Colleague: 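Here it is, the structure, as structure tokens.
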Protein chains: 2
Amino acid sequence: MASNVFKDQVYTELARVTTAISNPKRMEIIDVLSQKAYSVEELSKEVSMSVASTSQHLQVLKSAKMVVTSRNGNFVIYSISDDAVLKLVSSVKEFGFRKIAEIERLIQDFKTGQEGLETLTLDELRVRSKKSNILLIDVRPEEEYEAGHITDALSVPLDQLKKRMKEFPKSKTIVAYCRGPLCVMAGDAVSILKRNQFKALRMEEGYVEWKLKQYDLN
Amino acid sequence: MASNVFKDQVYTELARVTTAISNPKRMEIIDVLSQKAYSVEELSKEVSMSVASTSQHLQVLKSAKMVVTSRNGNFVIYSISDDAVLKLVSSVKEFGFRKIAEIERLIQDFKTGQEGLETLTLDELRVRSKKSNILLIDVRPEEEYEAGHITDALSVPLDQLKKRMKEFPKSKTIVAYCRGPLCVMAGDAVSILKRNQFKALRMEEGYVEWKLKQYDLN
DNA sequence: CTACTTTTCAATGTATTTATTGAATAGATA
DNA sequence: TATCTATTCAATAAATACATTGAAAAGTAG
């Protein structure tokens, strides 16, 4: 049957896409690259792996057309090829978080470990920022902020927070965000702020989630 | 670092989701189950594999919570757990079809093999069915039609088409659909109809694509 | 309770995937 | 062109995934 061969080929191609994201490290790499482009060496530090292994993972992602390369001097810079990749990963997460109880439990354990921080969603933020006085801060490294950030957010990298929080008005509620639900920086920021008598909340969603939401609004 | 352990665990869980769909046969199984529920034995025929292998694939999908089981007499009936699975798979396909040139080429080769049939999308169907006289037929097996079909479609399983087409008015344009872009039945139906002097078009999308679209409209 | 059917499990051999190390390459800079 | 550096390739060893066969189990029906 000729059409059977065709069918098998198509499913094999589709599986090539899912195989590319079937590895935990590669998922993490995509998440990191979703924030900003990286060289192989930088990235290997970010995901705690040898340069050679990182390179190999990147090649898998590249052959699945999920990342693209450019060159900057000696460095090869990897970046996400297309917003369709963000959507794909986002729908994997949506399914994963909803369905896999184990993930829910892990996140729960982790959150309660973080002093029971109060959290906020993007939608809640939009509503509250109209009513009350809110200061939205982006605690990711400055390069990631520069590569793209939520409108009206102030860049306050985590390692500068202690110095810079003196500028913050105590009258405002401070909302911190970072890379998204799996990222710990915003939680750390809120802890620090609270210890210093600020009203502070963490927003679980990050820049990527916000960006994807913008499409839906248009 | 405690948060590193957490992160690795979460990515491992997420990868469990993508690993479940990282195999061509499992993708095919999900597609088949998207049309209607099947027993292991039926399914193994549908995807041309041994019963034991099919069972093992189903267990992988079950442990990823993508399918659920029920019992009917001696048979264990597998079905898709949730429409979130359809959405996930649909976004994989969306990315796959858009990005992977090889798939595009395969589909192109396949289509041109099918006598250059004229095709129609769901959106075009909606527009045209208001203006002109259209008869929409569902050429999948009757059980799949009964498990769910596009509103106003007439069930005409492919193997009954030759007898039943006598009822069709020659004044109407006949639009045939089946399981979706990878399915060959609608193409076969159109070929037969054209050979018998009907005006006939194939719609590439199938019932699942239509169903997902209904959500977006609400 | 027994017989029967469908599904699952276990064992096997093969193939793929993965992280690491160390060597090779490609490309930029001088 | 020669040198230097980041990246990629190759080889390895361990682990995991895969399809098949045949046996075991689970559950229905009589």
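Model, not experiment: these values are computed from the prediction. Just so you know, these numbers use all the heavy atoms, side chains as well, and skip hydrogens, waters and symmetry mates.
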Colleague: Are a donor atom and an acceptor atom from the side chains of B:S91 and A:K87 found within less than 3.5 Å of each other?
Modeller: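 No, because no side-chain N or O of B:S91 sits under 3.5 Å from a partner of the opposite role on A:K87.
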Colleague: Nearest-Å distance, CG (A:L61) to P (C:dT17)?
Modeller: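 It works out to 14 Å between those atoms.
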Colleague: Could you work out how much the helix from C:dC1-D:dG30 to C:dA30-D:dT1 bends, comparing the axis of its first five pairs with that of its last five, to 10°?
Modeller: 40°
Colleague: Please give, in whole Å, the distance from C:dT6 C1' to B:Y38 OH?
Modeller: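 After rounding, the reported distance stands at 18 Å.
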Colleague: When the distance from NZ of A:K25 to P of C:dT20 is rounded to whole Å, what number comes out?
Modeller: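 After rounding, the gap between these two atoms is 9 Å.
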Colleague: Side chains of B:S55 and B:Q59: is there a donor and an acceptor less than 3.5 Å apart?
Modeller: yes
Colleague: Rounded to whole angstroms, how far apart are CD on B:E42 and C1' on C:dT7?
Modeller: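 Taking atom C1' of C:dT7 as the reference, CD of B:E42 is at 14 Å.
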Colleague: Pick base, sugar-phosphate or nothing for A:Q59, based on heavy-atom distances below 4.0 Å to the nucleic acid.
Modeller: sugar-phosphate
Colleague: Counting only side-chain nitrogens and oxygens, does A:R26 get under 4.0 Å of the OP1 or OP2 atom of C:dT18?
Modeller: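 Answer yes for this pair, as a side-chain N or O of A:R26 is under 4.0 Å from OP1 or OP2.
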Colleague: Please report, rounded to the nearest Å, how far the P atom of C:dT21 is from the CE atom of A:M49.
Modeller: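 Taking atom P of C:dT21 as the reference, CE of A:M49 is at 12 Å.
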Colleague: Of A:N23 and A:R71, whose closest DNA chain C nucleotide lies nearer the 5' terminus?
Modeller: A:N23
Colleague: Write down the distance between OH (B:Y78) and C1' (C:dT8), rounded to a whole number of angstrom.
Modeller: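 After rounding, the gap between these two atoms is 8 Å.
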Colleague: Check whether the side chains of B:T19 and B:S22 place a donor and an acceptor atom closer than 3.5 Å, and report yes or no.
Modeller: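 Checked: B:T19/B:S22 side chains show no N/O donor-acceptor pair below 3.5 Å.
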Colleague: Would you verify whether the NZ or CZ of B:K36 falls within 45 degrees of the ring axis of B:Y38 while also being under 6.0 Å from that six-membered ring's centre?
Modeller: yes
Colleague: Do B:V190 and B:L201 touch side chain to side chain, with heavy atoms closer than 4.5 Å?
Modeller: no
Colleague: Is the shortest distance from a Lys or Arg side-chain nitrogen in B:E142 or B:R164 to a carboxylate oxygen in the other one below 4.0 Å?
Modeller: no
Colleague: Quick one: which of C:dT5, C:dA19, C:dA28 gets closest to the side chain of B:N74?
Modeller: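 Out of C:dT5, C:dA19, C:dA28, the nucleotide with an atom closest to B:N74's side chain is C:dT5.
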Colleague: Name every donor-acceptor pair, under 3.5 Å, that has one atom in a side chain of residues 149-159 of chain B and the other anywhere in the protein, sequence neighbours excluded.
Modeller:
| residue | atom | partner | partner atom | Å |
| --- | --- | --- | --- | --- |
| B:H149 | ND1 | B:Y145 | O | 3.0 |
| B:H149 | NE2 | B:Y145 | OH | 3.3 |

Colleague: Which residue, A:Q56 or A:V76, contacts DNA chain D at a nucleotide closer to its 5' end, judged by nearest heavy atom?
Modeller: A:V76
Colleague: I'd like to know if B:K93 pairs up with B:D31 as an ion pair, taking the criterion as any Lys NZ or Arg NE/NH1/NH2 lying under 4.0 Å from an Asp or Glu carboxylate oxygen.
Modeller: yes
Colleague: When you list every nucleotide of DNA chain D with an atom under 4.0 Å from a heavy atom of chain B, which one comes first 5' to 3', and which comes last?
Modeller: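 First-to-last contact on DNA chain D, by the 4.0 Å heavy-atom rule, is D:dC18 to D:dA29.
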Colleague: With a 4.0 Å cutoff (strictly under), does any side-chain N or O of A:H57 reach OP1 or OP2 of C:dA19?
Modeller: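 Yes, such a contact exists.
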Colleague: Counting heavy atoms from C-beta on, name the nucleotide in C:dT7, C:dT6, C:dT20 closest to the side chain of B:V40.
Modeller: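 Looking only at side-chain atoms, B:V40 lies closest to C:dT7.
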Colleague: Please pick, from C:dT8, C:dA19, C:dT6, the nucleotide with the shortest atom-to-atom distance to any side-chain atom of B:A52.
Modeller: C:dT8
Colleague: Can you tell whether the side chains of A:K65 and A:D82 come within less than 4.0 Å, N to carboxylate O?
Modeller: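 Answer for the salt bridge query: no.
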